[in-house]
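Shown next, in structure tokens, is the structure this report addresses.
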Amino acid sequence: LAVWRWRWYNLQGYAQVLPKKGAAQWLNIEGISVDMPLILQTFCSGSDGNCALVSDGSTHLLIDAGLTLKNAEAAHGAWISPGELSAILITHEHTDHVRGADLIASRYDVPIYATGATWLAMETRLVTRTAAKNRIVFDKADDFYIGDINVQPFGIPHDAADPVGYVIFSKGRRIVF
């Protein structure tokens with residue numbers, strides 16, 4: 001059985017490579033689950049769009065979805081299919097952070113998490129197709145779980161309704177985004 005040690009992904013000129021050493025541990029081969037570290041994969045960052053994937057191997061969180069649906073499907077396909085997403089976490093309502101969120105959520109039945117003020121700012125012009133059951137409101141003072149991942153939002157300064165960052169914990173590891 002051949003194991004791919006390198007996984008290339010290229011979108012808008014960015015290339016990400018998994019390290020050779022230990023890369024096989026990040027895979028799930030023939031149903032054998034292996035311990036996957038908490039990973040962060042940035043798909044794009046900038047005024048053209050912001051989107052990142054955080055995964056612990058079983059729970060897959062998209063932080064922001066500023067890509068078009070076509071680019072989002074291509075980006076996610078490098079790691080997981082969009083239908084495997086557990087949730088989309090929105091940091092704030094600017095278009096370069098939410099452009100594809102509504103289409104991804106409605107096409108793949110994925111919940112979108114945002115603060116109440118961010119939802120109010122998004123829903124009138126940016127997020128209109130997402131089913132009510134997939135519109136999740138949280139308070140930035142309270143942490144919550146999505147699968148095995150603990151999400152701790154925190155307020156950040158930015159010119160938006162109620163912008164947040166996230167501390168993400170899983171399996172004794174954390175990522176701050």
Side-chain angles (χ1 to χ4, degrees), residues 9-16 38-56 59-80 82 85-147 149-170 173-177:
Y9 172 71
N10 191 346
L11 176 69
Q12 297 180 354
Y14 295 99
Q16 299 293 329
L38 188 61
I39 62 160
L40 169 66
Q41 172 65 48
T42 301
F43 295 125
C44 63
S45 178
S47 59
D48 288 336
N50 294 276
C51 184
L53 175 71
V54 175
S55 177
D56 69 355
T59 302
H60 312 291
L61 307 178
L62 198 62
I63 300 180
D64 290 333
L67 297 172
T68 64
L69 180 62
K70 180 180 177 182
N71 285 343
E73 288 172 336
H76 303 149
W79 288 88
I80 62 167
L85 287 172
S86 305
I88 300 170
L89 303 175
I90 301 297
T91 58
H92 63 285
E93 73 278 3
H94 291 167
T95 304
D96 60 321
H97 290 260
V98 300
R99 180 179 296 116
D102 194 37
L103 290 173
I104 294 168
S106 60
R107 178 171 290 179
Y108 296 102
D109 195 32
V110 177
I112 299 176
Y113 287 70
T115 65
T118 299
W119 268 114
L120 288 174
M122 283 192 307
E123 65 187 358
T124 57
R125 60 186 173 90
L126 299 170
V127 180
T128 58
R129 295 179 193 92
T130 303
K133 70 176 181 124
N134 285 334
R135 294 178 183 220
I136 312 297
V137 177
F138 65 83
D139 186 313
K140 66 183 172 192
D142 299 325
D143 70 322
F144 53 91
Y145 280 85
I146 301 172
I149 294 180
N150 176 244
V151 179
Q152 296 181 357
F154 59 92
I156 59 171
H158 194 44
D159 62 338
D162 191 16
V164 295
Y166 298 102
V167 181
I168 303 195
F169 291 95
S170 180
R173 298 183 188 257
R174 76 173 168 204
I175 291 175
V176 178
F177 191 90

Non-hydrogen atoms of A117 and A161 that approach each other most closely: O-CB, 3.6 Å
All ring-ring contact (aromatic ring centres under 6.0 Å, His included) counterparts of F169, not counting sequence neighbours: none
Which residues share a ring-ring contact (aromatic ring centres under 6.0 Å, His included) with F144, sequence neighbours left out: Y113, F138
By side-chain hydrogen bond (donor to acceptor under 3.5 Å, both in side chains), which residues pair with [X], not counting sequence neighbours?
| X | value |
| --- | --- |
| N150 | D143, Q152 |
| N134 | D109 |
| N50 | D96, H97 |
| R135 | E123 |

Test applied, side chain to side chain contact (heavy atoms under 4.5 Å, CB included); reference residue, I168; option that passes from L40, L89, V176: L89
With sequence neighbours excluded, residues passing side chain to side chain contact (heavy atoms under 4.5 Å, CB included) with I156: F154, P163
For T118, all residues meeting side chain to side chain contact (heavy atoms under 4.5 Å, CB included), sequence neighbours excluded: I90, E93, A114, T115, M122, D162
Stepwise side chain to side chain contact (heavy atoms under 4.5 Å, CB included) test for L85 and L53: CA-CA 9 Å; L85 287 172; L53 175 71; 4.0 Å; yes
R129: salt bridge (charged side-chain N to carboxylate O under 4.0 Å, His left out) partners, not counting sequence neighbours: D102
